[in-house]
Enquirer: 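A single structure is presented below for examination.
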Amino acid sequence: MKASFALTAIAALAAKASASCFSERLGYPCCSGNNVVYTDSDGQWGVENGNWCGIGGSTSQSAGCWSQALGYPCCTSTSIPVYTDGDGDWGVENGNWCGIQKGGSSSGGSSSSGGNVTPGEQYTITGNPFSGVKFFINPYYTAEVDGAIAQMSDSSLIAKAKKMKEYSNAIWLDTIKNMNEWLEKNLKTALAEQSGSTKVLTVFVVYDLPGRDCHALASNGELLANDSDAARYKSEYIDVIEEKLKTYKSQPVVLIVEPDSLANMVTNIESTPACAASEKYYLDAHAYLIKKLGVLPHVAMYLDIGHAFWLGWDDNREKAGKVYSKAIASGSPGKVRGFASNVSNYTPWEDPTLSRGPDTEWNSCPDEKRYIQAMYKDFTSAGIKSVYFIEDTSRNGHKTDRTHPGEWCNQTGVGIGARPQANPVSGMDYLDAFYWVKPLGESDGTSDESAKRFDGYCGHATAMKPAPEAGQWFQKHFEQGLENANPPL
Ligand code: BGC
């Protein structure tokens, strides 16, 4: 996912021809805009008129801007390094990663100690992890939004897009590589932002199960449902997450665990062979990760529970009580704080126009509020000890055009929902937060029918097209989400 900005982003760039750029010597023209879609050791690449083009001048490190070759600007001040890796020292300016130039050195390589932040005393979450903390702003998302702004000309839309950079969203660890690249870097940056008693909360999505997305195709993952990939999930993914979290012990961390997986175990084992084949791996992986990560005092975990129009029906909720309580018990002594609902979905928080009846296919929970209220009761009666919820409000502010609530792919009419906040609804003490788990503007799945991960839902009438692969930047989707934001941005 997160590797590039959308290839479709070729229009409406502020046209300003560069005098020269690195790509000319490689036989490619210079870009007229600055929308980076790919970065390699030569430099930053864009696509214009269907052709690769180069952005910016020489990427030679002697220019001092080693980070530009990786798609990030140079820091303007000699900021304090917040992170160091094999590329060099990283700072954060205006919410975006930047490379710190080495005084007089031509090397971008790492020679420093790894930044001057060191974790302090063990922090222990007591109660709601979203309460009384500062929410970490993800520099990767800020950079995506900057890329989106570069493609806009409407000033009121630009103003809305800029506001998006003030809000927090989750960081998806959707491959082993992305986990290695983003987990520690963001933990360290959040640590550097902590001052005094104000803690900075980072939210990560653990998302790399063997046989991932067993009932759909759009987000099938890198690991397959077999023993050797299940072993890799443990040793190369969960164990590494554990090690990093143990290091960064003085700050709060929330983990959203494996979207869609247990919900598929509730409803799709009989109907979908891929889900039947994944079952033992999903369950074993949950036991493993809860045991390992659920014992860390500064980490709070929420298991994904689909959304109102998935597990909301009475029989599904009842079955869910059994599946989830068993999964949690299997991870003992690890603990789970609660459950995440509506991740990457579009179901409104409240929809007074709907009630149980033929229109809702007799679902007694036809909106997220009623779903969470019912789940609270059912999970408590199923014997689950810690029953708290978070609600993904990144895309549920506006009723989409979907005519069936089972539609989940890039829905037209999308609008950003309530802003991330702790304890958002009085009288629902068990609702820890509204939070943006799915970053608005990142696609749900490709509409390219020839792609391996093409899922029929992404070709349906209310799915926006043409859509890039899941996780990649989808400018139109982002712009619609801004326009329809509720409350407005
Ligand atoms: C994709 C992931 C991506 C996430 C957030 C999922 O649908 O499969 O690759 O990281 O969305 O955009």
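For clarity, every value in this text was computed on a predicted model and none was experimentally measured. Counting starts at 1 for both ligands and their atoms, following the listed order.
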Enquirer: Any N or O on S443 sitting closer than 3.5 Å to an N or O of ligand 1?
Expert: no
Enquirer: With atom 1 (C) of ligand 1 as the reference point, say which of A216, S219, P439, G445 has the nearest heavy atom.
Expert: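 Closest candidate by heavy-atom distance is S219.
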Enquirer: Flag D444 as yes when one of its N or O atoms lies below 3.5 Å from any N or O atom of ligand 1, and as no otherwise.
Expert: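 No.
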Enquirer: Between K160 and E483, does any NZ, NE, NH1 or NH2 come within less than 4.0 Å of an OD or OE carboxylate oxygen?
Expert: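 Salt bridge: yes.
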Enquirer: For ligand 1, which atoms sit closer than 4.0 Å to a heavy atom of Y207?
Expert: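 Checking each atom against Y207, I get 8 (O).
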Enquirer: Salt bridge or not between D213 and R453? Use side-chain N to carboxylate O under 4.0 Å.
Expert: no
Enquirer: Can you list the atoms of ligand 1 that are under 4.0 Å from a heavy atom of G471?
Expert: 3 (C), 12 (O)
Enquirer: Among Y141, Y435, W436, which residue meets the side-chain hydrogen bond (donor to acceptor under 3.5 Å, both in side chains) test with S168?
Expert: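 Going through Y141, Y435, W436 one by one, the side-chain hydrogen bond (donor to acceptor under 3.5 Å, both in side chains) with S168 is satisfied by Y435 alone.
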Enquirer: Below 3.5 angstrom, do we get any N/O pair linking E442 and ligand 1?
Expert: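 Right, the criterion is met.
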Enquirer: Charged N to carboxylate O below 4.0 Å: is that the case for R212 and D174?
Expert: no
Enquirer: Which of these, D401, D444, N396, T400, sits in a side-chain hydrogen bond (donor to acceptor under 3.5 Å, both in side chains) with Y346?
Expert: D444
